[in-house]
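Note that the structure is a prediction, hence the values are computed from the model and not measured.
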Amino acid sequence: MAKHIPRKDIRRLGNERVAILVDLSRQAVRDGKDDRARRYVELARAICGKAQTEMPDDFRFCKRCLLPMSPGINCKVRLTGGKIVTRCGCGNVWRMPYLKEQRK
């Protein structure tokens, strides 16, 4: 009979592995190995789904091409009209408001 593993242990192990894959994908983008970076993001997403955890908050990737967002390397970031506009190399655009920061 299989041994039961507590959910918190599965999540902890999943988070550790995702953190490793996120670091590897960032390094692969810096080295110009986009295919390898995409594969690392795919694996990290699969682990997050299986372990029922979230991707790290500080890790951004394109939902269309699965490349990690690295400003100046493979994406452009602009501040226009109260929004942060991020454009990936594949053409995907991501907008996020920053009104709270403007008011301060």
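- Applying the 6.0 Å contact sphere to CG of Asp57 captures no more than 12 heavy atoms from other residues, nucleotides or ligands.
- For the atom pair CZ (Arg60) and CH2 (Trp94), the distance works out to 4.0 Å, reported to the nearest 0.5 Å.
- With rounding to the nearest 0.5 angstrom, the CG atom of Leu66 is 10.0 Å from the SG atom of Cys88.
- A distance of 4.5 Å separates CG of Leu67 from CG of Asp34, quoted to the nearest 0.5 Å.
- When all heavy atoms of Ile73 and Arg30 are compared, the closest pair comes out as CD1-CG, 4.1 Å.
- Heavy-atom contacts from other residues, nucleotides or ligands closer than 6.0 Å to CZ of Arg36 number 12 or fewer.
- Here the shortest heavy-atom pairing between Phe61 and Met55 reads CE2-CE, 3.8 Å.
- Rounded to the nearest 0.5 angstrom, Lys33 NZ and Ser25 OG are separated by 13.5 Å.
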Is there a side chain to side chain contact (heavy atoms under 4.5 Å, CB included) between Ser70 and Cys75? Walk through the geometry before answering. CA-CA 6 Å; Ser70 296; Cys75 72; 5.6 Å; no
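- With 3.5 Å as the limit, one finds a donor-acceptor pair spanning the side chains of Gln27 and Asp31.
- The closest donor-acceptor contact from the side chain of Asn15 to the backbone of Arg11 lies under 3.5 Å.
- The CG atom of Asn74 sits 7.5 Å away from the CE atom of Met69 when rounded to the nearest 0.5 Å.
- Heavy-atom contacts from other residues, nucleotides or ligands closer than 6.0 Å to CZ of Arg95 number 12 or fewer.
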